[in-house]
Amino acid sequence: MPLSPKVYTWLCGFFAALGSVTFGYDLGIIAAVLPSESFLETTGNPDATAQGLIVGCLLLGAFASNFYIGTLADVVGRRLSILAGCVVFLVGGAIQTGAQSIRYMYGGRFLAGMGIGMLAMLAPLYQAEIAHPSIRGRLTTLQQLMLGIGALIASFIGYGCFHGLTGQAQWRVPLAIQLLPAIPLAFFILLLPESPRFLAMQGRTDEARVVLARLHAHGDTDDPFVVSEHREIVAQVAREKLETADAWAQLFARRSNLRRLVLGVAIQFSIQLTGVSTLQYYSPRIFASLGIGTSTTLGLQAGNSCIALIGEALCVWYVDRLGRRGPFIWGNALSACTFAVGTALIACFPAGENPSASRAFVAMTWLFNFVFSACCGPLSWAIPVEMFNSATRAKATAITSAAAWISNFMIAQVSPVAFQNIGWRFYLVFAVCGCSNALFFWAFLPETKGIPLEELDDYFDHVPLFVPGSKVQLGDANEREEELRHAGVDMHVDSTKLGEKEEIEHLP
């Protein structure tokens, strides 16, 4: 029995997101590598600043990749760009594994970061462009789910290697394991279908129709949904070429595009201002201030990763039901609350003076991680990739991803210094910023659930800057529904005849 089109599309998106496992693993495993005595000896006993740079080089590499990845994706395609990202990451991971000094770690982390930056930007881009509108949110939030899986694996491997291995194997083995997810992705990515929107941009419209049929209609190129979607993609690409031949100019000169770009950058900066990276990178130091040792901390992080994975799976389930705007706003507000409570606990009961208070602080970090993983983290990747048209999507996503990496690097570098100078007061930054994040996105972030990618330009041209109370409805969606009905498609029933109901969603 052949796979249903939605299952096939979902599996393609799932496989493309394998690169995010390396992302999550690399972010998580460094917390277990840095405390290793053998690692410290090999790297010359680096001080706090040098250790921060080891962490930060990965993020700098990811930031650097965004200078070229948007153009590369538009020139050679999404699949070949993913393959290139895998190769760069494998080289960087191998250098880290065989590191003989701290310079090797700097270089290896930088190269691995370039590969991760490419994969982290390309996976949601590819997923958004192959997805049916009814499952686009579920596909693009796979990025954070796979990142969570990588972090979970890193937690258990880091804990096991820290206790079960000695000498250089204690840190070389966990660094070597990071290579494993990228190998099958590199070998098999070219077996997946290319993005139909990229093919249309290259003038390969017949191939684009075949791919759409493969993704959404068991290969039937005459399926009404395939015909309509193909016509809309081709028309949108032609319109974009007439408007401007320069996607960069279109991105900054058109008011609605600039608005979307600012929103995307703000989303990525807001994520780091929730405090997630500080907890992830420096949990041994944070918990040590409560009298909790490194070994126990690594065990707690493993449990924390399990909780995060549950939250990420929950987001994949609800995102196409509840939308993006509401969960993202509430996620930021609740994250701020957890930091406010945690700050009060660590301020009143420092250095583990009260074991119950220490346990309550750990519980707050777990609750924060669940809220972040269920709301903020996955949506920070899903929202930017679905806001732009085909001509600007790759380049705009490269810019928003660059914002993610540079803000992540900023937090990685600032956190050790802040802990040293102001201690628990640093957590107040995240409590305040979580509240300001929620207020900002309540005011300015429109809902994008269920809107076909080709209709977002017109939608953003009409939705007001201040979103609350807006009466803008998805008029284009209604027109598209009428057009498809004339073509013989019942919009309340999936065109693949699977019997799944789909309704045209209106913003509240």
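Residues take their numbers from the sequence shown, with the count starting at 1.
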Fill in: Working for side chain to side chain contact (heavy atoms under 4.5 Å, CB included), residues Y318 and C375
CA-CA 10 Å; Y318 79 68; C375 301; 3.9 Å; yes
Item to complete: Over all heavy atoms of both residues, which pair between I329 and A438 is shortest? Give the atoms and the distance, please.
Response: O-CB, 3.6 Å
Worksheet item: Can you tell me how far CH2 of W10 sits from CD of Q127, rounded to the nearest 0.5 angstrom?
Response: 10.0 Å
Practice prompt. Take V371 and W330, measure what side chain to side chain contact (heavy atoms under 4.5 Å, CB included) needs, and give me the verdict at the end.
Written response: CA-CA 9 Å; V371 171; W330 280 105; over 6 Å; no
Worksheet item: Side-chain donor-acceptor pair under 3.5 Å between S195 and E129, yes or no?
Response: yes
Worksheet item: Would you say the side-chain atoms of E312 pair up with the backbone N or O of S373, donor to acceptor, closer than 3.5 Å?
Response: no
Worksheet entry | D457/R260 under salt bridge (Lys or Arg N to Asp or Glu O under 4.0 Å): CA gap, chis, key distance, verdict | CA-CA 10 Å; D457 272 354; R260 284 174 269 183; 2.9 Å; yes
Worksheet item: Do you know which two heavy atoms are closest between G13 and L139, and how far apart they sit?
Response: CA-CD2, 3.7 Å
Worksheet item: What's the shortest heavy-atom distance between E447 and L322, and which atoms?
Response: OE1-O, 4.2 Å
Worksheet item: So do the side chains of Y25 and T22 get within less than 4.5 Å of each other, counting heavy atoms only?
Response: no
Item to complete: Indicate yes or no for a side-chain donor-acceptor contact from R324 to the backbone of T448 under 3.5 Å, with no hydrogens or angles considered.
Response: no
Worksheet item: Atom CG in L125, atom OG1 in T397: separation rounded to 0.5 Å?
Response: 5.5 Å
Discussion item. Looking at T9 and L215, would you say the former's side chain and the latter's main chain have a donor-acceptor pair under 3.5 Å?
Written reply: yes
Discussion item. If you define the side chain from C-beta out and look only at heavy atoms, does anything of F339 sit under 4.5 Å from L279?
Written reply: yes
Worksheet item: For F162 and A32, which heavy atoms make the closest approach, and how far apart are they?
Response: CD1-O, 4.2 Å
Practice prompt. Kindly assign one of parallel, tilted or perpendicular to the pair W405 and W381, based on the angle between their ring planes and the thresholds 30° and 60°.
Written response: tilted
Worksheet item: Does the R325 side chain pair with the main chain of L445, one donor and one acceptor, at a distance under 3.5 Å?
Response: yes
Fill in: Backbone N/O of D26 and side chain of Q178: donor-acceptor pair under 3.5 Å
no
Item to complete: Describe, in one word, how the ring planes of F63 and F67 are oriented to each other, choosing from parallel (under 30°), tilted (30 to 60°) and perpendicular (over 60°).
Response: perpendicular
Discussion item. Using the rule given for side chain to side chain contact (heavy atoms under 4.5 Å, CB included), can you reason through F14 versus M146, listing the C-alpha separation, both sets of side-chain angles and the distance that settles it, and then say yes or no?
Written reply: CA-CA 8 Å; F14 183 86; M146 300 298 274; 3.6 Å; yes
Discussion item. Just so I know, are the side chains of L145 and P378 near enough to count as touching, which here means a heavy-atom distance under 4.5 Å?
Written reply: no
Discussion item. I need the T278 OG1 to I286 CD1 distance, nearest 0.5 Å.
Written reply: 6.5 Å
Item to complete: Would you check if R255 and L465 make a side-chain contact, meaning some heavy-atom pair closer than 4.5 Å?
Response: no
Worksheet item: Can you name the one residue among T365, L309, I307, L334 that meets side-chain contact (heavy atoms from CB on, under 4.5 Å) with F370?
Response: I307
Discussion item. Here's a test for you: under side-chain contact (heavy atoms from CB on, under 4.5 Å), which of C86, S81, S65 qualifies with L119?
Written reply: C86
Worksheet entry | R393 side chain vs F388 backbone, donor-acceptor pair below 3.5 Å | yes
Discussion item. Within the 4.5 Å heavy-atom criterion, are R259 and V463 side-chain neighbours or not?
Written reply: yes
Item to complete: Would you give the length of the straight line joining atom OG1 of T97 to atom CH2 of W171, rounded to the nearest 0.5 angstrom?
Response: 8.5 Å
Discussion item. Please report the interatomic distance CZ(R321) to NZ(K449), rounded to the nearest 0.5 Å.
Written reply: 9.5 Å
Item to complete: Please report the closest heavy-atom contact between M364 and L345, naming both atoms and the distance.
Response: CG-CD1, 4.3 Å
Worksheet entry | side chain to side chain donor-acceptor pair (under 3.5 Å) between S277 and Q272, worked out | CA-CA 6 Å; S277 292; Q272 297 309 316; 2.5 Å; yes
Discussion item. Determine whether a donor-acceptor pair (N or O, by modelled atom type, separation under 3.5 Å) exists between the side chain of Q170 and the backbone of L165.
Written reply: yes
Worksheet item: Just wondering, do V319 and P327 contact through their side chains at under 4.5 Å, heavy atoms?
Response: no
Fill in: Contact summary for F430 and T274, nearest pair of heavy atoms
CB-O, 3.6 Å
Discussion item. Is the shortest side-chain heavy-atom distance between S155 and Y159 below 4.5 Å?
Written reply: no
Discussion item. The test is side chain to side chain contact (heavy atoms under 4.5 Å, CB included); show your working for V21 and L180 and say whether it passes.
Written reply: CA-CA 10 Å; V21 176; L180 297 180; over 6 Å; no
Discussion item. For the CG atom of L192 and the OH atom of Y8, what is their distance to the nearest 0.5 Å?
Written reply: 6.5 Å
Discussion item. Using modelled atom types and a 3.5 Å cut-off, is there a donor and acceptor pairing between side-chain atoms of N437 and backbone atoms of C433?
Written reply: yes
Worksheet item: Is the distance between the ring centroids of F466 and W442 less than 6.0 Å?
Response: yes
Worksheet item: Is there a side-chain contact between I267 and T400, using heavy atoms and a 4.5 Å cut-off?
Response: no
Discussion item. Parallel, tilted or perpendicular, judged at 30° and 60°: which one describes the rings of F361 and Y427?
Written reply: tilted
Practice prompt. Would you confirm whether N408, through its side chain, and A404, through its main-chain N or O, come within 3.5 Å as a donor-acceptor pair?
Written response: no
Discussion item. Under a 3.5 Å distance rule, please check whether Q268 uses its side chain to pair with a backbone N or O of V265 as donor and acceptor.
Written reply: no
